[in-house]
Amino acid sequence: IGVVMGRSRVMYNLLEPLFELVRPLPKPALLPPLILFLGIGDAMKIVVVGLAVFFPVAINTMQGVRGVDAVLVDMARTFGYGPARTALRVILPASLPFIFTGLRISLGLGLILVVVAEMLAGTGGIGYLIVDMQRTFRVPSMYAWLVILATLGFLLNFLFEHLERRVLFWAQNGAG
């Protein structure tokens with residue numbers, strides 16, 4: 001969707017109002033209606049996390065596509081590339097730094113929303129365990145789960161940085 005909105009002014013004008021209607025909504029506020037419609041379970045968690053992580057990736061992808069140098073697109077056209085091949089061979093690679101930025105933002109948001117969903121409506125998971133330990137006054141266990149959650153977030157970020165360096169080795173700015 002981000003690629004399509006970045007390349008097509010018509011699609012941007014069509015979808016942008018919907019984006020700006022749904023994007024600012026705090027995703028935890030969507031939990032009660034999602035519980036009502038989807039019940040308490042994995043489907044509700046997947047939908048709320050999906051909504052939270054969709055917008056940063058789509059918007060960063062759209063901005064990355066819009067920022068592709070027009071000379072690159074013209075060069076692809078000169079070499080006889082069609083729209084699909086231009087998108088795959090020129091636009092997508094040039095947009096990858098923006099896409100990875102959106103993915104990195106979404107990684108943190110996704111972790112937060114999973115924990116919040118588990119806290120409010122879960123029957124398992126780290127969020128549920130943290131609330132359960134708090135409710136039963138097992139404070140040391142609660143803090144242990146918080147440390148585990150923080151470690152998980154750190155490890156996910158570390159692994160994502162490693163992946164980003166491997167995939168975008170050509171886009172490094174030389175600062176480190």
Side-chain angles (χ1 to χ4, degrees), residues 1-3 5-6 18-67 92-176:
I1 290 176
V3 172
M5 286 179 69
L18 180 62
F19 262 57
E20 293 308 318
L21 180 70
V22 178
R23 184 185 58 83
L25 290 173
K27 301 318 175 258
L30 298 175
L31 283 171
L34 287 175
I35 291 170
L36 181 66
F37 292 117
L38 299 174
I40 295 175
D42 290 339
M44 182 271 304
K45 293 176 195 174
I46 291 168
V47 168
V48 76
V49 170
L51 283 171
V53 302
F54 171 77
F55 291 102
V57 175
I59 290 170
N60 275 296
T61 301
M62 180 181 60
Q63 292 303 325
V65 168
R66 284 183 163 185
L92 192 60
S95 303
L96 277 178
F98 287 88
I99 295 169
F100 267 81
T101 299
L103 288 170
R104 190 165 182 184
I105 292 167
S106 292
L107 179 68
L109 286 173
L111 185 60
I112 290 168
L113 262 295
V114 164
V115 172
V116 169
E118 290 172 349
M119 285 179 163
L120 295 178
T123 55
I126 293 177
Y128 173 78
L129 289 171
I130 291 170
V131 169
D132 186 51
M133 298 299 146
Q134 182 254 337
R135 287 179 182 153
T136 57
F137 299 105
R138 293 186 282 181
V139 176
S141 297
M142 179 190 69
Y143 281 114
W145 281 111
L146 285 173
V147 169
I148 290 169
L149 182 60
T151 305
L152 176 65
F154 178 80
L155 287 173
L156 285 172
N157 187 60
F158 177 79
L159 291 172
F160 190 81
E161 280 182 340
H162 179 70
L163 174 70
E164 186 176 13
R165 280 193 303 272
R166 299 255 339 214
V167 172
L168 300 178
F169 62 91
W170 50 267
Q172 302 302 317
N173 61 9

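Both backbone and side-chain heavy atoms feed into the values below; hydrogens, waters and symmetry mates do not. All residue numbers in this chain count up from 1 along the given sequence.
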Below 3.5 Å, can you tabulate the donor-acceptor pairs from side chains in residues 141-151 to any protein atom, sequence neighbours excluded?
residue	atom	partner	partner atom	Å
Thr151	OG1	Val147	O	2.8

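Of the listed residues (Ile105, Thr101, Leu103), just one forms a side chain to side chain contact (heavy atoms under 4.5 Å, CB included) with Pro56, and that residue is Ile105.
Atom CG of Leu152 has more than 12 heavy atoms from other residues, nucleotides or ligands within 6.0 Å.
To the nearest 0.5 Å, atoms CD1 (Ile126) and CE (Met133) are separated by 11.5 Å. With values rounded to the nearest 0.5 angstrom, Leu129 atom CG is found 10.0 Å from Met119 atom CE. Atom-to-atom distance recorded for Phe54:CZ and Ile1:CD1 is 4.0 Å, nearest 0.5 angstrom.
Residues that satisfy the side chain to side chain contact (heavy atoms under 4.5 Å, CB included) test with Val65, not counting sequence neighbours, are Val3, Arg7, Thr61, Ile91, Ser95. Not counting sequence neighbours, the partners of Arg23 by the side chain to side chain contact (heavy atoms under 4.5 Å, CB included) test are Glu20, Phe55, Ile59. By the side-chain hydrogen bond (donor to acceptor under 3.5 Å, both in side chains) test, Glu161 pairs with Arg104, sequence neighbours left out. Remark: Leu120 engages Leu31, Val116 in a side chain to side chain contact (heavy atoms under 4.5 Å, CB included) (not counting sequence neighbours). Here Leu34 pairs with Leu30, Leu38, Met44, Val47, Val48 under the side chain to side chain contact (heavy atoms under 4.5 Å, CB included) rule; sequence neighbours left out. Taking the salt bridge (charged side-chain N to carboxylate O under 4.0 Å, His left out) definition, one finds that Arg138 meets it with Asp132, sequence neighbours left out. Under the salt bridge (charged side-chain N to carboxylate O under 4.0 Å, His left out) criterion, Asp42 pairs with no residue, sequence neighbours left out. Not counting sequence neighbours, the partners of Phe100 by the ring-ring contact (aromatic ring centres under 6.0 Å, His included) test are Phe160.
Residue pairs meeting the salt bridge (charged side-chain N to carboxylate O under 4.0 Å, His left out) criterion with at least one member in residues 45-65: none, sequence neighbours excluded. Pairs engaging residues 110-120 under the salt bridge (charged side-chain N to carboxylate O under 4.0 Å, His left out) rule: none recorded [sequence neighbours left out].
For Pro97 against Ala94, the heavy-atom pair with the smallest separation is CD-O, 3.6 Å. Residues Pro93 and Trp170 approach most closely at O-CH2, 3.1 Å, considering heavy atoms. The minimum heavy-atom distance linking Leu113 with Ala52 is given by the pair CG-CB, 3.9 Å.
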